[in-house]
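Atoms within a ligand are numbered from 1 in the order they appear, just like the ligands themselves.
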Amino acid sequence: MGKIVIFSGAGLSAESGIPTFRDAGGLWEGYRIEDVATPFGWIRNKQLVLDFYEERFLQMQKCKPNAAHLAIADLSSYFDVICITQNIDTLLEQAGVKEVWHLHGRIDYHKCEWHYSIGPIDADWQCDYRAATRSPTQIGDLCPKCNRQLRPDVVWFGEAVDMRTDRLYEIVSQVDAFIGVGTSATVYPAANLLRFFGDVKEKYFIDPNPAYDVLNGFTVIEGTAAQKVPELVAVLKAKYQ
Ligand code: NAD
Ligand code: ZN
């Protein structure tokens, strides 16, 4: 069975009703990124950050997978599909995709605020508590290990991304096709994946407004995810079955 890597960004979920933030001029639902998606924003105003993620939590709970998520799930029953996503929503999982790596965390988990990326550098002072949550995190929801405030399990600007480098090196030479979809490819280090998989023979990129300057060697398909992903999935199934 062939291996296919799908690298997605906010555009994959746009047609499910979750706006991308580049399209809103760098604001995310009216909030400034530095206020709600950086460690400094958290230190300054935890209530504001938790309000923002509560809105995202409730919004994402209402959304359903769109035709692109469902087509990716369909593809994964024919190929070994690995989804690497920058999205914090869980629409790929809801569609039935088994292997999803969330580079920037997940909205339905929370973790200790003394998580290494914000606590002191001394490892003795880090806390690794992380758990699924059924409701948005509130002020006063405390870590059962160390009693500090809990925060959403999302990766903020300036924090470390869980890249699973060992696994990436293990699979890179085995990948038959790479598909990028709905990402402005401006958030690093995630965007480095386009170059990391540069030697893969078959590379596609789907976006209504593709970042052509980083897409050398890609077959670029201009259009929305819900329109174009199902079409590409049909082509791949016909080609390799
Ligand atoms: P981005 O907002 O920087 O870029 C979105 C991209 O999607 C653009 O290239 C745009 O042209 C494209 N797009 C817009 N509508 C589309 C559609 N219908 N179909 C396909 N593509 C479409 O998003 P990014 O590159 O993912 O980086 C944003 C960061 O913001 C990520 O780190 C992510 O964690 C976070 N974010 C997540 C969500 C989510 O979880 N759904 C939503 C907004 C932002
Ligand atoms: Zn803790």
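When the ring-ring contact (aromatic ring centres under 6.0 Å, His included) test is applied to Y169, the partners found at least two apart in sequence or on another chain are F196. With sequence neighbours left out, the side-chain contact (heavy atoms from CB on, under 4.5 Å) criterion links R167 to I82, E99, W101, R164, E170, I171. For the salt bridge (Lys or Arg N to Asp or Glu O under 4.0 Å) test, no residue two or more places apart in sequence or in another chain qualifies with D199.
Taking distance alone, with nitrogen or oxygen atoms compared against 3.5 Å, A14 stays at or beyond that limit from ligand 1. The shortest N or O to N or O distance between G11 and ligand 1 is under 3.5 Å. Residue D89 places at least one N or O, backbone or side chain, under 3.5 Å from an N or O of ligand 1. Between I88 and ligand 1, at least one pair of N/O atoms sits closer than 3.5 Å. The distance criterion of under 3.5 Å between nitrogen or oxygen atoms is not met by T224 with respect to ligand 1. Inclusion of A10 in the set of residues having an N or O under 3.5 Å from an N or O of ligand 1 is warranted.
Atom 43 (C) of ligand 1 has its nearest heavy-atom neighbour, among P208, A68, P19, in P19. One option in A225, A190, S184, G180 has a heavy atom closer to atom 4 (O) of ligand 1 than any other, and that option is S184.
Counting only protein N, O or S atoms, 4 lie closer than 2.8 Å to the Zn ion (ligand 2).
Within the 4.0 Å heavy-atom criterion, the part of V187 lying near ligand 1 is the side chain and not the backbone. Contact annotation: for I18 versus ligand 1, heavy atoms closer than 4.0 Å belong to the side chain alone.
Listed by number with element, the atoms of ligand 1 under 4.0 Å from a non-hydrogen atom of T183 are 6 (C), 9 (O), 24 (P), 25 (O).
Ring geometry for H110 against Y129 counts as tilted: the plane angle lies between 30° and 60°, on a 0 to 90° scale. Taking the six-membered ring where tryptophan is involved, the planes of Y53 and W156 are tilted, since the angle between them lies from 30° to 60°.
With a 4.5 Å cut-off on side-chain heavy atoms, D153 and H115 do not count as touching.
Within the cation-pi definition used here (under 6.0 Å to the ring centroid, within 45° of the axis), K203 qualifies as a partner of F218.
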